[in-house]
Visitor: 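Got a structure for you, questions after.
Note: hydrogens, waters and symmetry copies are ignored here, and every other heavy atom, side chains too, is used. Numbered from 1 within each chain, the chains take letters A, B, ... in sequence-line order. For clarity, every value in this text was computed on a predicted model and none was experimentally measured.
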Amino acid sequence: MTEGFGTGCHLHLIDGSAFIFRAFHALPPLTRKSDGLPIGAVAGFCNMIHKYVQDNRGPDAPTHVAVIFDKGSHTFRTDLYPDYKANRDEMPADLRPQIPLTREATRAFNIACIEKENYEADDIIATYARLAVEKGGRVTIVSSDKDLMQLVGNGVEMLDAMKNKRIGVEEVEAKFGVGPDRVVDVQALAGDSVDNVPGAPGIGIKTAAQLIQDYGDLETLLDRAEEIKQPKRRQTLIEHRAQIELSKKLVTLDAETPLDETLDDLEVKDPDAETLLGFLAQMEFRTLLKRVADALGAEPPALSETSPAAADPAAPETPAALPFDPEGYECVRHAAALEVWIGRAQGRGRVAVDTETTGLDEMRVDLVGISLSVEPGQACYIPLGHREGEGDLFGSAALAGGQMPMDEALALLKPLLEDPAVMKIGQNMKYDAKILARHGIAVAPIDDTMLMSYAMHAGLHGHSMDALSERYLGHAPIPIKSLLGSGKSQITFDKVPVAEAVKYAAEDADVTLRLAELFKPQLHRAKVTTVYETLERPLVPVLAEMEMHGIKVDRDTLSRMSNAFAQKMAALEAEIHDLAGESFNVGSPKQLGEILFDKMSLAGGKKGKTGAYATGADVLEDLAAEGHDLPARVLDWRQLSKLKSTYTDALQDHINPETGRVHTSYVITGAVTGRLASTDPNLQNIPVRSEEGRRIREAFVAEEGKVLLSLDYSQIELRILAHVAGIDALKEAFREGQDIHAMTASEMFDVPMAEMTPEIRRRAKAINFGVIYGISGFGLARNLRIPRSEAQGFIDRYFERFPGIRDYMDATVAFAKEHGYVQTLFGRRIHTPEIGAKGPQAGFARRAAINAPIQGTAADIIRRAMIRMPAAIEGLPAKMLLQVHDELIFEVEAGAAEDVADRARAVMERAGLPAVALDVPLVVDAGQGPNWAAAH
DNA sequence: TGATTCACG
DNA sequence: GACGTACGTGAATCAG
């Protein structure tokens, strides 16, 4: 068949995704015996492909065949309509890791495997079908998906492989009431709840078909909509014309998809027995292996009963068992050697990557070298920027010899690091991804051992590589300090001799790879695969983007405020010294305590563990309330001191000289609950509560012509509490948009809403927050500055009115005691190892356990929103810049602010779906302005 | 380096 | 019955 595709040829196009989902749902959740990898869908898929091949060998056998898959969820349809397929359930956690294996399986059967980023399988199918028909061939689409039925006719038919039933023009007419050429018109009117195509409200397939039959086609129908007799129907069509036309665009397949493979590439080929049987053996499909071997007339390879190593004799027994040996590490100095490593990584489909740099600020440091590991114990280091010698005053030292030019090495590595078929494994990949992004490399896909540990072990221990290696591999890696030294004489990594760097850097890649091999299968067993794959890993590129973009901070504004603060502080300081009758360091709690409680002998002096008087704000406030001026002045001074040192001064040092912006760094594993932490600088604690402090936000500005847009969840934690504790009264109040604190107050103190006073409301508000934190009489008493007995009375009353709260608290603590962890609505686990402790820790652990599911669920929700945000605002002139726990800040071209706000709000308010539908609405408030103070 | 203080949600 | 206590963070500062 060298003439290529033409008359007499018969093309089969298999809807691969449909096969996978059918296989997944039809089979029990099988796992691979040797390592627990879920494998059921792959098994079913292979069975279906094998059966398909066997069933299609006769005289009408296809000459060309391809399996077509969906790739990614972004398509031109989501651009047209961001909600397209937004109702889809997320892919089950057990299925996700099997997706790449179905591609491998297809290739193992020697069948063309087609997928294309940003295009749905259906569009690719439409395009091949058109091409085949144009060349005079016939087409069979192996699928029963109604969305493909518009392609039937003119030499194209469908085949339902399960029922072994062909679908031709007649069958399509039976289903849609119109011919294939008008199917899209009917779909546009009827909509589709599965794909979330809106259509015309109240019109189903029956009515739609009738209308199209009557008017011929959709365009005529819409143009002549006034003629429709039924008033409701007429109005619907006129009112929703735009929506119907959009729906038609969504359901119409694009037969002009750009293709990488020609029809000729799809020619049927016999499978290579060794490859196919090898794959099936690797999957450990015993029965299928034998069946396929019989069909091929080949001998099935042996499948060992016990050891997974038998399948791959080169593989070590366990990652931990192999000793660490720096002799196994290679220094790569030439392109040829690097190409060998790249080839090995490609062959293996995964590689651990680590970058070495001159510091920790990803936006400023220089790349010094890269290490790779493809098998435990085998790693290399590619030195790129090591320097030696002194260097003169104006420049850095000369590059050391024996290093590849950085450009050359990166050009070779780029295809590997961006190869969608090769998993790049890192420890804290966000760091490496940002470094590489600055060199034009978009690393993907990624796995991250730090995030795997976080998903499995949050609350148990830290997730640094050194900690993980020691704990799980029994190996303490070379400490960085041994290379760089510490303190004043500390050097940067580029000054480390290459020979030393090889041992350190290659070991890091080696450790990372071993940790990934250990952790990956454990994720399934710990039931946190979904958490890792939907809440941790996808956040990495989103945060990297936000951090690299940064937010503009106006130095002059900060500088002016700093000067003003300094003046006020000096005045206060003089006054304080005057009141004290002597000069002392106002910033020293020790000296202040001695002045207050020894020299002035004020009452209330309490010494802490260290023997120093406590001089916290609460203590000083009490003293000030008694009429003492000195503590009042100190409070003012402290506020200014804080604002000046932490904000107006320190923030200026964080302005990147190249970008003029401040680039924070989010620590994904920073808080046990799932919240992010912001560091260097912390942009999650910029003042807002005091008037004076809030003005610091005026220094956070939008670029010329743009605005800052802030969207924040209203009362998200209380809403989650209402949901998880099942408090009907609270749910009701949220549904009706009531003032929740006032409603609580009314309920507790029997005050009608109309007669609510700010003081009563304030108390209820404190109680509401107290509940989220695991309330205690003591804590509430201190917060409200009321007697403990009175506070306890409030709490008792609260529990009486909302009995579900107590049940929730008791149930949560009992769960923690039984399991050693608590979890969020999305399955995030937070370990509570102290829950069974005796003594005061028990109280802490108890309250933390009560708070964690609430705070953690809120954290999960905003994570989900952030992960979906780039797609939702794609094409709009907007960038997501910051996250402050329940708030997202964007920088937007002024004209597009409303648009972006609408899209972003929709994403945030629906962020729990489809995994979790809360019983209460999520409400998002928005604001915009030239700076953060104005936007909030 | 640890304790204290205070900024945020 | 006493014991201490609101939940989660990061940064600056003092003192040893």
Visitor: Over all strands shown, is A:Asn685 touching base, sugar-phosphate only, or nothing at heavy-atom distances under 4.0 angstrom?
Guide: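 If one applies the 4.0 Å heavy-atom cut-off, A:Asn685 turns out to touch a base.
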Visitor: Please state whether the phosphate of C:dT9, meaning OP1 or OP2, lies under 4.0 angstrom from any side-chain nitrogen or oxygen of A:Ser678.
Guide: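 For C:dT9, OP1/OP2 do not have a side-chain N/O of A:Ser678 under 4.0 Å.
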Visitor: Heavy atoms under 4.0 Å, any strand shown: does A:Glu887 hit a base, just sugar-phosphate, or nothing?
Guide: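 Nothing: the residue A:Glu887, judged by heavy atoms under 4.0 Å, touches no strand.
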Visitor: May I ask you to evaluate whether A:Arg847 reaches the phosphate of C:dC7, defined as a side-chain N or O under 4.0 Å from OP1 or OP2?
Guide: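 Result: yes.
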Visitor: Looking at A:Phe794 versus A:Phe749, is the centre-to-centre ring distance below 6.0 Å?
Guide: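 Yes, ring centres under 6.0 Å apart.
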Visitor: With heavy atoms under 4.0 Å as the rule, sort A:Gln639 into base, sugar-phosphate or nothing.
Guide: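 The residue A:Gln639 makes sugar-phosphate contact but no base contact.
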Visitor: With a 4.0 Å heavy-atom cut-off, tell me which residues in residues 761-791 of chain A come close to DNA chain C, sorted by residue number.
Guide: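 By residue number: A:Ala766, A:Gly770, A:Tyr773, A:Ile775, A:Ser776, A:Phe778, A:Leu780, A:Arg782, A:Asn783, A:Arg788.
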Visitor: Between residues 809-846 of chain A and DNA chain B, which residues have a heavy-atom gap below 4.0 Å?
Guide: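 Within residues 809-846 of chain A, no residue comes under 4.0 Å of DNA chain B.
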Visitor: Verify, without hydrogens or angle tests, whether A:Arg905 (side chain) and A:Val924 (backbone) share a donor-acceptor contact under 3.5 angstrom.
Guide: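 Yes, A:Arg905 side chain to A:Val924 backbone: donor-acceptor pair under 3.5 Å.
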Visitor: Classify the nucleic acid contact of A:Asp712 as base, sugar-phosphate or nothing, counting any heavy atom under 4.0 Å across all strands shown.
Guide: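 Counting heavy atoms under 4.0 Å across all strands, no contact is made by A:Asp712.
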Visitor: What interatomic distance, in whole Å, is found between P of C:dC3 and the corresponding atom of B:dA7?
Guide: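 After rounding to an integer number of Å, I get 32 Å for this pair.
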Visitor: On a whole-Å scale, what distance lies between the P atoms belonging to B:dA3 and C:dT5?
Guide: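 About 14 Å, rounded to a whole number of Å.
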Visitor: Between C:dT9 and A:Gln855, is there an OP1 or OP2 to side-chain N/O distance shorter than 4.0 Å?
Guide: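 Result: no.
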Visitor: Students often get this wrong, so: under 4.0 angstrom with heavy atoms, is A:Arg689 touching a base, only sugar-phosphate, or nothing?
Guide: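 Contact class for A:Arg689: base.
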Visitor: Looking only at side-chain N and O atoms, does A:Asn585 come under 4.0 Å of OP1 or OP2 in C:dC14?
Guide: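 Yes, because at least one side-chain N or O of A:Asn585 sits under 4.0 Å from OP1 or OP2 of C:dC14.
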